[in-house]
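Note that this is a predicted model, so its numbers are computed, not measured.
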Amino acid sequence: MKNYICKGSIFASVFIFLSCKDSNPMNEIQPPIAKVKDTILEMHGDKRVDPYYWLNDRENPEVIAYLEQENSYYQQMTAHTKELQQTLFEEMKSRIKEDDSSVPYFYNGYYYQTKYEKGQEYPIYIRRKGTLTAKEEVLFNCNDMAKGKAYFQLGTMSVSPDNKLAAFATDVVSRRLYTIQIKNLETGEILADKIENANPNLVWAEDSKTIFYTTKNSKTLRSEKVYKHTIGQEAKADEIVYFEKDETFDVFVSKTKSKKYVLIGSNSTMTTEYQFLDANQPNGKFQVFQSRIRGLEYDIDHFDGNFYILTNHQKATNFKVMKTPENKTEVTNWTNVIDHREDVLVEGIEIFKDYLVVEERSEGLNKIRIKKWDGTSDSYLPFESETYTASLGTNPDFNATSLRYSYQSLSTPPSVMEYHMQTKEKKVLKEVEVLGGKFNKENYEEKRLWATVTDGTKVPISIVYKKGIKLNGKNPLLQYAYGSYGYSMDARFDSDRLSLIDRGFVYAIAHIRGGEEMGRQWYEDGKLLKKKNTFTDFIDCSKFLITQKYTSPEHLYAMGGSAGGLLMGAVININPELYHGVIAAVPFVDVVTTMLDDSIPLTTSEYDEWGNPNDKVYYDYMKSYSPYDNIQAKTYPNLLVTTGLHDSQVQYWEPAKWVAKLRTVKENKNLIFLDTNMDAGHGGASGRFESLKETAKEYAFLLDLAGIKK
């Protein structure tokens, strides 16, 4: 399938180290030059030449040396922004209430809460028995657990049904490979049980002695096996409950809200299959709920003798709600509860004893519908803003008459709300405080705009800026988007973003196809052989913002991460002249090579998203837009590219190769920086303050390009 022929010279280290006192001007600092070793990649009779394929070996000291030189170059070239970075960091940090806590929720006899203490990077998980005035019990102090570690993530914390044990999963590499351990909550002892190479999601059986968990393939990182572990036994003795042989599927475990069933889910991009087991019979055999049918997607929960199903069955493109008796789970027994609607996407359900709550989306906005089982009421929560985000919160109690949900907008901080479903009274349990003394949400203007793109489709744009700015085309504007996997980029508040907006930036989210903002078809029209709609939508939104004088090409900036980084790479190949600067975070830019390599994470499970390039039709289409394969001799915008050495989602070598190739081809002197976090992965630095430093670097890059020095 592939034929590799390598040639090249020794690494050309022309990097010049300059101190701040050096008399050489900044433009004499040369970037590191990666050596060229032409690798011929052949498929379907087509030969691609990859001069930097050799960078895909993180064990090679030469590769590490190159990445470190890139980091040094970036640091030197941006040394003049260090003071600005520090100012931004302190500014963003000052808005955070350091000694903060979440709204407690009641579950199985305890009130659970998460809190932060002043000066601490990580959360502390606590609970109180019975009442909020009971003595605080610390379950996990992540600050203590993270000591001495460059990276730390508590992936899950699950308390046993008898409240005596807690299973928890930690990652100290940022490769998303977790270690599961068990803590005795009565003594504080960490038991000898230790499960490596696992996923963070796990569930308890009702005996409080058995947990079900999933593990990953050590090479591809695909979640493929479900194990059963009995407390006290060695992990190597754990029984394999299920092995997902289909490499296009991942597996996970969960539990119904009723606590009656443990679930095993197998899912690909467009197909789902569940198995279920009585949680009181952990040694029993899982039963298939409905065997997989390609194109059939469903999610299930259980209540009062029935399973409730969110599904696209019977061509319900935007999904609908169905139910079936718990002893007759095949699709032939499913009956409608909420019918399919062409203009409303059903995103989720929450079941209560007296109410069914449905998360919907129409016209790009979230809706929360509350339907009484006896049919006496059916209404929507009232939301009045032009653009906002609302979603269900933590609602573990079947018998509750009050609904927890969250609400926020681009200019409104997140609030935890409580809505009494009978009296329809609403109250704010907590609104996130924005400290620093300068924030007033009335000082900002937020709008929803509609851009008509090339094929006549209307694409929504959420936009926010400080009141009083003139729309004269001279405003710096940051346009953000994602546009993949059906993931909707909703209008959420971000206090960090105020550091841009208060300095005159306009911020815009382009809700382009590939997400699900306008329904499932919005997603279908932005993947596989329609993927280019994602790129042209973004470009047309940029042109719209320019014609409406929100900005101009001299002042327009773009940003996207991961699949959104692919978006950045594609749009600057197509219309680089529209953007003055671009930030591509952990960008997926070498699409063809990655999707042909089924040994690396995510490849096989994503054929239904991008296509399988072993099929020539998909190969040709991918190649026509893959950013790395379509670099041309042209003038590219200023570019900041970030990655993590341990990234499990987008391997670091994709952005590294992309930057190396762009440098040799571009026809202008615009800056290109590669910043590699040598201790982190796809999500960047851990810790609430360390991550701010990364944001400060990104914002300093934009502000410097915009000529804003303070």
Side-chain angles (χ1 to χ4, degrees), residues 58-59 61 63-64 67-68 71 75 85-86 89 92-93 96 98-102 114-126 138-159 165-185 188-202 213-216 218 221 223 235 496 561-562 585-586 601 642-652 675-698:
R58 63 171 54 85
E59 303 301 322
V63 171
I64 299 302
L67 295 176
E68 289 175 340
N71 282 350
Q75 289 159 12
Q85 290 180 39
Q86 186 62 30
F89 169 74
M92 291 185 286
K93 184 180 177 183
I96 297 172
E98 293 193 42
D99 52 343
D100 202 5
S101 59
S102 65
T114 304
K115 69 177 185 178
Y116 286 90
E117 293 182 345
K118 190 169 184 177
Q120 298 295 313
E121 290 274 2
Y122 296 96
I124 302 169
Y125 295 90
I126 64 171
V138 176
L139 303 175
F140 296 97
N141 186 332
C142 294
N143 300 287
D144 294 338
M145 299 168 76
K147 284 180 180 176
K149 300 176 177 65
Y151 179 91
F152 176 82
Q153 181 70 44
L154 179 65
T156 194
M157 183 272 293
S158 180
V159 178
L165 302 172
F168 64 101
T170 56
D171 176 13
V172 296
V173 178
S174 190
R175 190 81 176 147
R176 300 190 182 185
L177 290 169
Y178 288 81
T179 299
I180 296 174
Q181 295 176 270
I182 312 295
K183 182 177 181 178
N184 185 320
L185 298 179
E189 175 192 7
I190 304 297
L191 305 186
D193 308 59
K194 201 169 195 176
I195 301 164
E196 307 282 0
N197 192 35
N199 281 303
N201 86 299
L202 54 91
Y213 65 93
T214 61
T215 61
K216 295 184 177 184
S218 59
L221 302 188
S223 300
D496 300 343
S562 194
V586 292
T642 65
T643 187
L645 181 63
H646 302 292
D647 197 327
S648 61
Q649 311 302 105
V650 178
Q651 306 301 312
Y652 74 88
D675 181 25
T676 303
N677 188 324
M678 306 300 282
D679 297 314
H682 199 63
S686 61
R688 56 177 176 161
F689 300 134
E690 280 302 309
S691 62
L692 291 181
K693 293 177 181 177
E694 296 186 343
T695 303
K697 290 196 291 187
E698 294 169 351

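In this structure the side chain of Asn197 never reaches within 4.5 angstrom of the side chain of Thr179, judged on heavy atoms. Residues Glu121 and Glu690 have side chains in contact (heavy-atom distance under 4.5 Å, counting atoms from C-beta outward). For the pair Val138 and Ile124, the minimum side-chain heavy-atom distance is below 4.5 Å. Put simply, the side chain of Tyr122 does not reach to within 4.5 Å of the side chain of Gln120, judged on heavy atoms. For the pair Lys693/Thr695, no side-chain contact is recorded, criterion being any heavy-atom separation below 4.5 Å from C-beta on. Side-chain contact between His646 and Met678 is absent, with no heavy atoms from C-beta onward closer than 4.5 Å. Lys697 is listed as a side-chain neighbour of Asp675, based on a closest heavy-atom distance under 4.5 Å.
Partners of Asp171 under the salt bridge (Lys or Arg N to Asp or Glu O under 4.0 Å) rule, at least two apart in sequence or in another chain, do not exist in this structure. For Tyr213, the side-chain hydrogen bond (donor to acceptor under 3.5 Å, both in side chains) criterion is met by Asp238, not counting sequence neighbours. Residues satisfying the salt bridge (Lys or Arg N to Asp or Glu O under 4.0 Å) criterion with Asp100, sequence neighbours excluded, are Lys430.
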Check your understanding: Between Asn677 and Glu694, does a side-chain hydrogen bond (donor to acceptor under 3.5 Å, both in side chains) hold up when you go through it step by step?
Key -> CA-CA 9 Å; Asn677 188 324; Glu694 296 186 343; 2.9 Å; yes

Exercise for review: Start with the C-alpha gap between Asn141 and Asn143, add the side-chain angles, then the distance that decides, and say whether side-chain hydrogen bond (donor to acceptor under 3.5 Å, both in side chains) holds.
Suggested key: CA-CA 5 Å; Asn141 186 332; Asn143 300 287; 3.1 Å; yes

Exercise for review: Could you go through the side-chain hydrogen bond (donor to acceptor under 3.5 Å, both in side chains) check for Asn199 and Ser223 one step at a time?
Suggested key: CA-CA 7 Å; Asn199 281 303; Ser223 300; 2.6 Å; yes

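The aromatic rings of Phe140 and Phe168 are tilted relative to each other, their planes meeting at an angle between 30° and 60°.
Of all non-hydrogen atoms in Met145 and Leu154, the two that sit nearest each other are CE-CD1, 4.5 Å. For Pro200 against Ala169, the heavy-atom pair with the smallest separation is CA-CB, 3.9 Å.
Formation of a donor-acceptor pair under 3.5 Å by the Tyr178 side chain with backbone atoms of Asn201 is not found in this model.
Heavy-atom contacts from other residues, nucleotides or ligands closer than 6.0 Å to NZ of Lys149 number more than 12.
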